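Accompanying notes for the structure given below.
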Amino acid sequence: MTTTTLETVELTKSFGGVHAVDGASVSFRPGRINALIGPNGSGKTTFFNCVTGMIKPDSGSVTYRGHDITGKAPHRIARAGIGRSFQLCRVFPRMTVLENMLVSVRSGSLVGRLAPARQRGDIARARELLARVGIDHLERAEARDLSYGQQKLLELAGVLMTDPETIMLDEPAGGVNPALIDRIGGLVRSLNGEGRTFIVVEHNMDMVMSLSDHVVVFDRGRPIAEGTPAEVQEDPRVLEAYLGV
Ligand SMILES: Nc1ncnc2c1ncn2[C@@H]1O[C@H](COP(=O)(O)OP(=O)(O)OP(=O)(O)O)[C@@H](O)[C@H]1O
Ligand SMILES: [Mg+2]
């Protein structure tokens, strides 16, 4: 088994004069719950966007399971086995919960997607996943009528439709009430127990410290420290980045 699942080398992305991701070399091991933390504006979301193909990096490389995926289109990266959620949860507000689940299956040709047998399989899987995240009773509701936390659960269930081996979550606990934060944490743990690797950007330190095996700390577009939750908590560089001293 390879010791690295996702690796970036000197990844760089600027917006005008802002060096959002600035030569970031990071490697994540398979099977872990990795956290990616750092102050606001330190480049975490831009890093996710570069890795998942939403943004083309200016330079540097992204390798997933030994394959170069730098600058590839999002659907190709999804097909390679990486799923993701968004910091500002993305669901289709006027579609039902079940319809949202079905549009998240992006692979396959249009004809294949519309084939009845395929659709039946997808519907069964969608229902199973909605039950797993605890919102199956809402399948006919429009997504806009769900609470924000429920929409996050829907987004997570949608991510699982493609059966990703690696799941990148951008602030899963952001704007979510404590009971649902616990549920999301429990889901991450159980999905990890099935062998899925996680990379989680999160500002909720209780969640980061209790959930993750390994923490990478970003500041100004690149990693400045990494280690176990206990190690990074005591690292002076991390305190400095957060407190700006
Ligand atoms: N599309 C964009 N156009 C211009 N500047 C951008 C764009 N996206 C991000 N930036 C800038 O890049 C820097 C990094 O932003 P990014 O959103 O990646 O940080 P972050 O670590 O995810 O922050 P937060 O914790 O607040 O979500 C910030 O200075 C931000 O303003
Ligand atoms: Mg962000």
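Every number for a ligand or one of its atoms is a count from 1 in the order of the listing. Predicted, not measured: the structure shown is a model, and the values here were computed from it.
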To which protein heavy atom is [atom] closest, and what is the distance rounded to 0.1 Å?
atom                    : value
atom 29 (O) of ligand 1 : Val18 CG1, 3.6 Å
atom 21 (O) of ligand 1 : Lys44 NZ, 2.8 Å
atom 23 (O) of ligand 1 : Gly41 N, 2.8 Å
atom 17 (O) of ligand 1 : Thr45 CB, 3.8 Å
atom 12 (O) of ligand 1 : Ala20 CB, 3.3 Å
atom 9 (C) of ligand 1  : Phe15 CE1, 3.5 Å

Fellow cluster residues of Phe86, listed by chain then number, with links counted only when side-chain atoms sit under 4.5 Å apart: Met54
Is there a donor in the side chain of [X] and an acceptor in the side chain of [Y], or the other way round, less than 3.5 Å apart?
X      : Y     : result
Gln87  : Thr45 : yes
Arg140 : Thr96 : no
Asp170 : Ser85 : no

Out of all atoms in ligand 1, which are within 4.0 Å of some heavy atom of [X]? Include the element for each.
X      : result
Glu171 : 25 (O), 27 (O)
Asn40  : 23 (O), 24 (P), 25 (O), 26 (O)
Gln87  : 27 (O)

SB check Glu194 Arg132 (cutoff 4.0 Å): yes
Test: Glu155 and Arg90 ion pair at under 4.0 Å: no
Note, Leu154 side chain near Leu146 side chain (heavy atom, < 4.5 Å): yes
Contact check: Phe47 vs ligand 1, nitrogen or oxygen atoms, below 3.5 angstrom: no
Any donor-acceptor N/O pair, Glu171 side chain to Ala173 backbone, under 3.5 Å: no
Donor-acceptor contact below 3.5 Å, side chain Asp58 vs main chain Ser14: yes
Neighbour count above 12 (heavy atom, 6.0 Å) for Arg32 CZ: yes
Contacts of type side-chain hydrogen bond (donor to acceptor under 3.5 Å, both in side chains), residue Asp145, not counting sequence neighbours: none
Heavy-atom nearest neighbour of atom 18 (O) of ligand 1 within options Thr46, Asp170, Val201: Thr46
Within-cutoff protein neighbour (heavy atom, under 4.0 Å) for atom 31 (O) of ligand 1: no
Sub-4.0 Å protein heavy atom near atom 4 (C) of ligand 1: yes
Around the Mg ion (ligand 2), number of protein N/O/S atoms which are nearer than 2.8 Å: 2
4.0 Å heavy-atom contact, Gly38 with ligand 1: no
Residues forming a ring-ring contact (aromatic ring centres under 6.0 Å, His included) with Phe218, sequence neighbours excluded: Phe47
Distance under 6.0 Å and angle within 45° of ring axis: Lys44 vs Phe48: no
